[in-house]
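Right, one structure below, let's go through it.
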2 protein chains.
Amino acid sequence: MMPSADEVQELVAHVPLFGSLRSESLKHILEQTSARLVEDGSRQFISRHGQEVTDVSIIMDGWVMRYDLLADGRRQILEFGTSGDTVGPFGTTATHHQYFVQTITPVRRWILDAESFSAAARKEPELHRRLTLLAFTALSEREDMVTDLGRRSAPERIARLILRLLARMDRAGSSKGNQYDFPFKQSHIADATGLTAVHVNRTLMSFRKSNAVRIDNGVLTVVNIDVLLLLAEMTMADFNALKRKGPA
Amino acid sequence: MMPSADEVQELVAHVPLFGSLRSESLKHILEQTSARLVEDGSRQFISRHGQEVTDVSIIMDGWVMRYDLLADGRRQILEFGTSGDTVGPFGTTATHHQYFVQTITPVRRWILDAESFSAAARKEPELHRRLTLLAFTALSEREDMVTDLGRRSAPERIARLILRLLARMDRAGSSKGNQYDFPFKQSHIADATGLTAVHVNRTLMSFRKSNAVRIDNGVLTVVNIDVLLLLAEMTMADFNALKRKGPA
DNA sequence: CGTGCGCTTGAGATACTTCAATGCTAGTGG
DNA sequence: CCACTAGCATTGAAGTATCTCAAGCGCACG
C-alpha cells in the first residue's frame with residue numbers, strides 16, 4: 001500500500017519522530033520499511049510479551065496502552081499512546097517484546113518493518129537524533145511516574161495523571177477548553193497509578209464532590225483547574241511546563 | 001589536568017559510554033571537553049534541582065544517588081550510580097537540572113564540559129550511538145521500577161533492589177561470591193523503594209531470619225539466593241538476564 | 001565523655017485493599 | 001419488544017500492609 005502525498009503530509013505534521021524530515025526522505029523511509037496503514041478494533045493486541053519483534057507501529061488515531069503483566073495477574077500500565085506516538089521497542093536491540101501493547105479504542109496505525117526501520121535510523125542522522133530525543137523524553141516521563149508511585153498519595157497520583165493527559169491533549173489540540181475525550185475505564189487509571197479500581201472510584205467521587213473533575217460518558221471535564229492543581233501539588237507553571245514537554 | 005595514557009585506558013575499559021571508542025578519539029574528546037578528575041567526600045552535592053547544567057560527570061569510584069525531592073521533604077531515589085556510570089542530563093536539551101545528585105561514599109569522577117560534550121556527541125557517531133543505547137537501557141530499568149513501585153509488595157521491592165544491585169556488582173566484577181559492599185543506609189533503600197525506613201528495617205530483619213540476606217557493617221551477604229529469588233518472584237534465568245542487561 | 005546518626009522494636013493509626021452486593025446501561029438473542 | 005447477560009460504576013464493611021510516633025541502644029567521632 002503506497003503512502004499517498006496526503007498521508008505523508010499527515011505524518012510529517014503530527015508525528016514528532018518524523019517532524020523534521022523532508023517529505024522526500026520520509027517517503028523514501030516509508031517505502032524502505034514497507035509501511036502499511038491498518039485499523040484495529042478495541043481490545044486488540046498489538047504485541048505480546050515474549051513475541052518476536054518484527055515491526056514498529058505509529059498511532060494515527062485512537063488510544064493504546066503498553067503494560068507489564070505479572071504471573072498472578074497484577075498489571076502495571078507504563079504508558080498510554082495516541083496519535084503521533086510510536087510504540088514498540090524501537091531503538092533497542094531487543095529481539096523480543098518485553099511488554100504487552102493493546103488497543104483501548106479502535107486504532108488507525110502505520111506499521112513499519114522493524115529491521116529496515118533501524119537501518120533507516122542508522123542512515124538518516126535526523127531520524128536518529130529524533131529517536132534519541134524520544135528516548136530521553138520517555139525516560140523523563142517515566143521518572144516522574146516513579147516518584148508519583150513511590151511517594152505520592154492516591155489523590156495526588158490520579159490528579160497528576162489527569163493533568164498529564166490534559167497537557168497531552170492540549171498539545172495535540174484535542175481538548176475543547178476544559179474537556180477532553182476520556183476512553184479509559186477506572187481500571188485503566190488504577191493500573192496506571194498502582195491502585196485498585198475500587199479506590200480509584202472513591203477518589204474520583206471525591207474529586208467530583210470537591211468540584212475538581214468529573215468524568216461522564218467518556219468525557220472528562222475539568223470543573224476547576226485550581227482545585228485540581230492543588231490536589232496534584234502542582235502550580236500553573238508546572239502544568240504549562242508539562243504541555244511544553246512531550247516529544248517536541 | 002591532562003589525562004594520562006593509563007587514565008584513558010581505564011576510561012575505555014570501564015565506562016560503557018566510551019567502551020567502543022579508539023583511545024585516540026577518546027583522548028581528543030577529553031581534551032575538547034576540558035576533562036578533569038576530581039574527588040568528593042561523602043554527602044557532597046554534585047548537582048541540585050534548578051541549577052544550570054554546566055558539566056557532565058562520569059563516576060570512577062564510589063557511589064552517588066540521583067533523587068527527586070518534594071516540597072514537604074518526601075524523597076524518591078531514581079538511581080544509584082557507581083564506577084562507569086554517567087550522571088547528569090546528558091543528551092537532553094534541558095538547560096537546568098531536574099534532580100539532585102549527591103555522593104553517598106567518597107567519589108572519584110571525571111568532569112566534562114557539558115556543551116562541548118554535546119558537540120562531541122554530534123560529531124562522533126559512535127558516541128552518539130552509545131548515548132542512545134544508554135538512554136534506552138535507563139528507560140527499561142526505570143520501567144521495571146515503575147512496575148515494582150506500582151504493583152509489588154515491600155518484600156518483593158526490597159529483594160528485587162538487592163538483586164539488581166548484585167547483578168550490577170557481578171557485572172563489574174565487584175562482588176566476592178555472594179557478598180558485596182553495601183554503603184547504603186536503610187533510609188536509602190526506603191527512598192529507592194517508596195517505603196519508610198522503619199518498614200525497611202522490619203522487612204530486612206525478616207530476610208535475615210528467613211536466611212535470605214543479611215547486611216552487616218556495610219557488607220551485604222546473600223545467604224541463600226534461592227530464598228531471595230523466591231522473595232523477589234524471580235527465576236535464576238531472570239537474574240542472569242539482569243546481569244546481561246545494564247549499559248553493555 | 002557527650003552527641004549524633006543509624007538500627008531496632010513496640011504500639012497505635014490509617015490509607016488502601018479485599019470481598020461482596022447493587023444498580024445501570026448497552027448489547028444480544030429469541 | 002422483552003428477557004438475559006456482561007461490563008462497569010458505585011457503595012458498604014471488614015481486613016491488612018504499611019506508616020507514624022516514640023523510645024532505647026550501640027557505635028563512631030569530635
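Reckoned from all heavy atoms, side chains included, excluding hydrogens, waters and symmetry mates. Numbers restart at 1 for each chain; the letters A, B, ... are given by sequence-line order, proteins then strands.
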Gap between atoms CZ and P, on B/Arg202 and C/dG6 respectively (whole Å):
19 Å
Taking atom P of C/dT25 as reference, at what distance in whole Å does atom NZ of A/Lys185 sit?
14 Å
The test is side-chain contact (heavy atoms from CB on, under 4.5 Å); show your working for A/Val146 and B/Asp68 and say whether it passes.
CA-CA 10 Å; A/Val146 168; B/Asp68 211 342; over 6 Å; no
Report the distance from atom CD of A/Gln186 to atom CE of A/Met205, rounding to the nearest 0.5 Å.
8.5 Å
Using atom CZ of A/Arg152 as one end and atom C1' of C/dA15 as the other, report the distance to the nearest whole Å.
17 Å
Rounding to an integer number of Å, can you tell me how far A/Arg151 CZ sits from C/dA15 P?
16 Å
Nearest-Å distance, CG (B/Asp216) to P (C/dC7)?
12 Å
Hey, does B/Leu195 reach any base, or is it just sugar-phosphate, or nothing, if we go heavy atoms under 4.0 Å?
sugar-phosphate
Say you draw a straight line from OH of B/Tyr99 to NE2 of B/His49; how long is it, rounded to the nearest 0.5 Å?
8.5 Å
C/dC7, C/dA20, C/dC16: which one has an atom nearest the side-chain heavy atoms of A/His199?
C/dC16
Categorize B/Gly218 for me: base, sugar-phosphate, or nothing, with a 4.0 angstrom heavy-atom threshold over every strand shown.
nothing
Can you tell me how far P of C/dC7 sits from CD1 of B/Ile158, to the nearest Å?
13 Å
Closest heavy-atom contact between A/Phe207 and A/Pro155?
CZ-O, 3.4 Å
Once rounded to the nearest 0.5 Å, what's the spacing between atom CZ of B/Arg74 and atom CG of B/Leu69?
10.5 Å
Sorted by position of nearest nucleotide on DNA chain C, 5' first, the leading residue of B/Ala197 and A/Gly194 is B/Ala197
Roughly, in whole Å, what's the span from CZ in B/Arg208 to P in C/dC7?
11 Å
Are A/Asp72 and B/Arg151 within salt-bridge range, i.e. N to O under 4.0 Å?
no
Should the ring pair A/His188 and A/Phe80 be called parallel, tilted or perpendicular, given that the plane angle runs from 0 to 90° and is split at 30 and 60?
perpendicular
Once you apply a heavy-atom cut-off of 4.0 Å, does B/Arg157 come out as touching a base, just sugar-phosphate, or nothing?
nothing
Counted 5' to 3', the first and last nucleotides of DNA chain D within 4.0 Å (strictly under) of a heavy-atom of chain B are D/dT18 to D/dC21
With a 4.0 Å cutoff (strictly under), does any side-chain N or O of B/Gln186 reach OP1 or OP2 of C/dC5?
no
Of the candidate nucleotides C/dT17, C/dC7, C/dC16, which contains the atom at the shortest distance from the side chain of B/Asn201?
C/dC7
